[in-house]
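Here's the structure we're looking at; comments come further down.
Both counts, for ligands and for their atoms, begin at 1 and track the order of listing. As the structure is a prediction and not an experimental result, all values here were calculated from the model. For the numbers below, each heavy atom of this structure counts, side chains included, while hydrogens, waters and symmetry mates do not.
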Amino acid sequence: MRDVTGSFAHLLGAAPRACRVCGCTEHDACLHPGGRPCAWVGADLCSVCAATIATIMQAVGCGGGAAERLLRDLIRIETERTGMAAPEFRRLVNGGARLH
Ligand SMILES: [Zn+2]
Ligand SMILES: [Zn+2]
């Protein structure tokens, strides 16, 4: 009998924790405006995305699910336009505030 679980155990164990919206990880974190790095607010949701979703919910008056879909669309458009990954794009946009 082949031990399939054993052969893939190193892959499962090495799976990095990533944000389900922007895809940032422990080693590729995004930044809040002002330059503070993001933190985990859920199993797979970072604090920058959570804050942005809350802002969209207030601005648009929609629920969390709809706000998350809007944010995903916004991130997809921005990353396609700039050719950057979402965490990289946010470091540039939000982290730039430190320079002022
Ligand atoms: Zn995120
Ligand atoms: Zn993040």
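Angle SG(C46) to the Zn ion (ligand 2) to SG(C38): 110° [nearest 10 degrees]. With the Zn ion (ligand 1) as vertex, C49 SG and C19 SG subtend 100°, rounded to 10°.
Annotation for Q58: atom CD does not count as buried by contact number, only 12 or fewer foreign heavy atoms lying within 6.0 Å.
For the Zn ion (ligand 1), the set of nearby N, O or S atoms under 2.8 Å includes none belonging to C30. At least one N, O or S atom of C22 sits under 2.8 Å from the Zn ion (ligand 1).
Between E78 and R81 there is a salt bridge, since at least one side-chain N of the basic residue sits less than 4.0 Å from a carboxylate O of the acidic one. No salt bridge links R90 with D28; every basic N to acidic carboxylate O contact stays at or beyond 4.0 Å.
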Inset, instruction - Step by step, work out the side-chain contact (heavy atoms from CB on, under 4.5 Å) result for R17 and T25. - result: CA-CA 6 Å; R17 190 179 186 183; T25 66; over 6 Å; no
